[in-house]
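Comments concern the structure below.
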Amino acid sequence: MSIVSTSINDNIAVVTIDNPPVNALSHAVRDGVSKALSELNNNDTVNAVVIHCAGRTFCAGADITEFGKPPVSPTLPELMAEMDEFSKPLIAAMHGTALGGGFEVGLACHYRVMDGRAKVGLPEVNLGLMPGAGGTQRLPRLIGAEKSLEMITSGKPIKAEKALSLGVADLVSDDLLCDAINFAKDKTVRRIRDLKCDAGEELFADFKKKIARKSRGFLAPFAAIDAVKVACDLDFDAGIEFEREKFMELVASSHSKAQRHLFFAERQAAKVDGIDKNTATRDINNVAVVGGGIMGCGIAVNFLSSGMAVTLLEITGDAANAAKQKIEKIYASNVSKGRMTDTQMAAAMNALSVTTSYDDLSDSDLMIEAVFEDMNIKKEVLSKLDNVAKDGAIIATNTSFLDIDEMATATSRVSDVIGLHFFSPAHIMPLLEIVKTDNTSNEVIATAFKLAKKIRKTPVLSGVCYGFIANRMSSCYGREAGLLLLEGASVEQVDQTMYDFGMPMGMFSMLDMAGIDIGVMARSKLSDDAYDKRAFSVHAALVDAGHKGQKTGAGFYEYDGRDKKKHALVEELAEEFAKKYNIKRDDISSKEIEERCIFALINEGYKIVEEGIAQRTSDIDVVYAFAFGFPRYKGGPMHYVEHLGLKYVLKRINEFAAKYGDRWWRPSPLLVKLAEESEENV
Ligand code: 3HC
């Protein structure tokens with residue numbers, strides 16, 4: 001079948017796009033639709049045209065791989081103009097996810113019929129873009145400026161029923177093509193471009209304020225608001241021109257390049273060497289979670305929300321019931337925020353059982369331990385799980401740091417043991433580090449990736465090393481932040497610098513939130529040469545003094561409810577330890593702070609790749625963006641190197657090595673090699 005084909009029945013033509021996997025609007029598609037429409041315009045036997053897609057979805061947008069290349073006619077806006085001018089009723093029959101340019105095709109049509117399970121949306125902001133094929137001009141004319149701003153700046157798609165109630169869809173159907181053809185029979189041409197939209201000035205200023213926090217640092221959502229304002233202020237053609245100009249600026253911006261990089265990096269991360277669609281996987285329906293702390297409960301929620309049965313094990317009946325209540329509380333909060341219905345909550349809670357007996361876990365397809373971070377305790381739990389597990393059950397650990405190869409020796413089935421490392425809060429944070437040991441079977445790895453998709457996590461494969469990808473990198477950043485404190489930077493200065501860089505919060509605010517004691521305890525089990533004791537000396541002293549972070553009212557900051565202020569003790573401790581370790585204190589520039597923290601991440605990232613812990617550098621970007629909020633418009637630490645230049649990064653790392661010693665700053669050989677091969681100028 002060709003990419004675009006036409007059939008005519010009873011004076012209604014159906015133009016079918018067939019461009020797997022997601023019917024992206026590549027040049028071949030645009031060209032095919034354009035030619036089909038011009039033929040049908042001149043065909044007197046045709047009264048109306050339905051545009052429809054084969055496969056799993058209506059067009060999911062412009063072809064992202066074409067961005068950054070010279071535009072080839074017909075461009076999407078040119079095609080949309082042809083659709084607008086089309087002399088006969090044009091009906092979009094949309095199923096699956098009609099997103100971005102796909103939804104804009106729908107908006108350029110005169111009517112929209114949606115499959116009952118379909119969604120439409122304008123997710124361009126997720127790619128650092130705004131709609132660029134009429135979306136910012138047609139949607140406000142159809143549903144008003146305010147609703148359009150919500151859809152465009154959030155990037156979130158809406159379901160068919162909502163689309164119907166907003167007037168986006170004219171009909172919702174269970175028999176899409178048949179109903180769309182019947183619908184087309186008595187329609188007349190109706191163009192959205194002829195509608196008017198109106199909104200007060202203040203709506204746009206208020207909207208910019210409303211999204212200021214969430215969209216801090218991003219360009220696209222603010223540009224989109226300006227474009228919607230233009231839809232209210234100017235005529236359609238002027239609006240389209242404005243939209244095109246802004247869209248092209250965004251396509252060329254470093255933001256969009258970075259966000260497009262992450263889009264493909266996320267999909268690439270799901271590809272594992274040696275595993276393909278033919279690799280066998282196991283069915284996971286019953287999940288056991290051992291440990292009812294915050295982590296265990298968050299983990300359980302993922303599976304319950306995805307329709308799986310969960311048995312949660314705790315040591316005592318009271319602890320088990322407390323865990324159940326914690327899970328209930330998470331769901332109650334979701335219901336109160338309108339994220340789920342009472343019925344959905346009841347279904348999830350019904351699928352949960354709690355127990356204190358390992359025997360009750362014998363039916364589980366997957367068992368995940370989320371107990372205290374201690375090798376002996378974890379081994380004991382794994383051994384108990386191994387005793388009751390049925391053949392083929394997967395035994396997983398949620399350890400953040402520990403050696404899973406060693407842990408697996410507590411079981412009789414090393415090939416069935418894997419790390420599933422969730423990030424707190426586990427029911428919200430999108431990343432799942434899948435940690436394979438030397439012995440984990442491909443079948444178990446493939447199952448873990450399939451499962452990640454089911455519970456809507458972004459999976460990244462890691463090998464075993466202390467801290468895996470995420471925490472190993474984070475501890476390098478933490479080390480530099482800690483040393484900077486001794487060298488004269490303040491907690492506030494370090495945090496503000498990293499916040500201004502685009503991180504959601506600085507390292508010290510993050511430690512206060514998570515609890516400083518967790519890291520202090522983890523490091524207490526390490527040998528002295530495994531980490532830089534100086535860097536974490538203030539941390540340990542704070543914990544000794546009972547200041548463990550927000551939970552104790554003080555840590556690196558002092559807290560009064562949500563307000564935080566300087567904690568004088570930290571400065572005293574920094575001075576004391578600087579003296580002890582003979583570190584000279586001085587003024588430190590924000591540039592030095594930013595480069596020390598970020599370049600430590602980058603250097604470690606390259607080491608992680610050269611050691612084979614991560615499969616590729618882009619996986620590291622996914623980890624750092626999805627687990628720690630590295631600004632997506634910078635694409636992750638490894639993509640950010642492209643912006644800075646490899647040679648510059650290496651030069652600075654060499655300077656840091658000369659100044660601070662090469663114990664931590666020894667440049668990664670992979671970085672050295674890439675910098676040498678690079679043709680960029682310093
Ligand atoms: N262009 C090019 N390739 C695309 C694409 C697009 N718009 N959307 C998806 N793909 C590719 C993916 O990279 C992936 O390729 P791979 O198999 O080689 O890794 C393949 O299609 C399948 O994608 P997913 O793995 O994501 O499949 P899912 O079924 O999980 O999800 C989806 C489907 C919801 C459509 C998801 O792919 C998606 O969100 N796509 C992007 C949608 C989007 O952002 N559209 C707007 C584009 S920008 C635009 O339209 C500008 C316009 O205003 C001018």
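Both counts, for ligands and for their atoms, begin at 1 and track the order of listing. Numbers for residues simply follow the sequence, beginning at 1.
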Residue set satisfying side chain to side chain contact (heavy atoms under 4.5 Å, CB included) with A93, at least two apart, ordered chain then number -> V50, H52, L176, A180
Looking only at protein heavy atoms, what sits closest to atom 43 (C) of ligand 1 is A60 O, 3.5 Å
>> A cation-pi test, strictly: NZ or CZ of K69 under 6.0 Å from the centre of the six-membered ring of F67 and no more than 45 degrees from its axis. Yes or no?
In response: no
Short version for E104: what comes under 4.0 Å of ligand 1, heavy atoms counted, is side chain
The option among K453, R267, R260 carrying the non-hydrogen atom nearest to atom 14 (C) of ligand 1 is R267
*asked:* Would you call the rings of Y633 and F218 parallel, tilted or perpendicular, taking 30° and 60° as the class edges?
replied: perpendicular
- Task: Go through the side-chain N and O atoms of N41 and K88 and say whether any donor and acceptor fall under 3.5 Å apart.
- Result: no
For the rings on H421 and F423, is their centre-to-centre separation under 6.0 Å? yes
for atom 27 (O) of ligand 1, nearest protein heavy atom and its distance come out as R56 NH2, 2.9 Å
If we number the atoms of ligand 1 from 1 as shown, the ones under 4.0 Å from a heavy atom of P123 are 43 (C), 44 (O), 45 (N)
Quick check: does G61 get an N/O under 3.5 Å from an N/O on ligand 1?
no
Counting from 1 in the order shown, the ligand 1 atoms closer than 4.0 Å to a non-hydrogen atom of G100 are 46 (C), 50 (O)
query = Does atom 35 (C) of ligand 1 have a protein heavy-atom neighbour under 4.0 Å away?
reply = yes
Atoms of ligand 1 under 4.0 Å from any heavy atom of L127, numbered from 1 in the order shown, are 44 (O), 47 (C), 48 (S)
Heavy-atom proximity to atom 10 (N) of ligand 1 ranks first, among V125, N19, V22, V105, for V22
the protein heavy atom lying closest to atom 39 (O) of ligand 1 turns out to be L99 CD1, 3.9 Å
Ligand 1 to F264, heavy atom cutoff 4.0 Å, flagged ligand atoms 13 (O)
Check: Can a salt bridge be assigned to the pair D31 and K35 using a cut-off of 4.0 Å between side-chain N and carboxylate O?
Finding: yes
Among non-hydrogen protein atoms, atom 7 (N) of ligand 1 lies closest to A62 O, 2.8 Å
- Face-on cation placement of R632 at F626 ring, 6.0 Å and 45° thresholds: yes
Within the 4.0 Å heavy-atom cut-off, what I64 brings close to ligand 1 is both
Query raised in the report: Any N or O on F67 sitting closer than 3.5 Å to an N or O of ligand 1?
Result: no
task = Say whether T281 and E443, considering side chains only, have a donor N or O and an acceptor N or O under 3.5 Å apart.
result = no
Side-chain donor-acceptor pairs under 3.5 Å in residues 157-169, sequence neighbours left out?
from: S165; atom 1: OG; to: K162; atom 2: O; distance (Å): 2.8

Nearest non-hydrogen protein atom to atom 20 (C) of ligand 1, with distance, is P21 CG, 3.6 Å
D63 heavy atoms within 4.0 Å reach ligand 1 at atoms 1 (N), 2 (C)
Give a yes or no on whether a salt bridge exists between R138 and D84, defined as a side-chain N under 4.0 angstrom from a carboxylate O.
-> yes
Min over E66, E243, E124, K271 of heavy-atom distance to atom 19 (O) of ligand 1 lands on K271
Ligand 1 atoms nearer than 4.0 angstrom to some heavy atom of P131 are 53 (O)
Inset, instruction - Answer yes or no: is there an ion pair linking E66 with R30, defined by an N-O contact shorter than 4.0 Å? - result: yes
Going by the 4.0 angstrom heavy-atom rule, the piece of T57 near ligand 1 is neither
Over 60° means perpendicular and under 30° means parallel, so classify the ring planes of Y624 and F628, tilted if in between.
tilted
The protein heavy atom nearest to atom 32 (C) of ligand 1 is T97 OG1, 4.4 Å
F263 heavy atoms within 4.0 Å reach ligand 1 at atoms 8 (N), 9 (C), 13 (O), 40 (N), 41 (C)
Quick check against the 3.5 Å criterion: does N19 have a side-chain atom that pairs as donor or acceptor with the backbone of I3? no
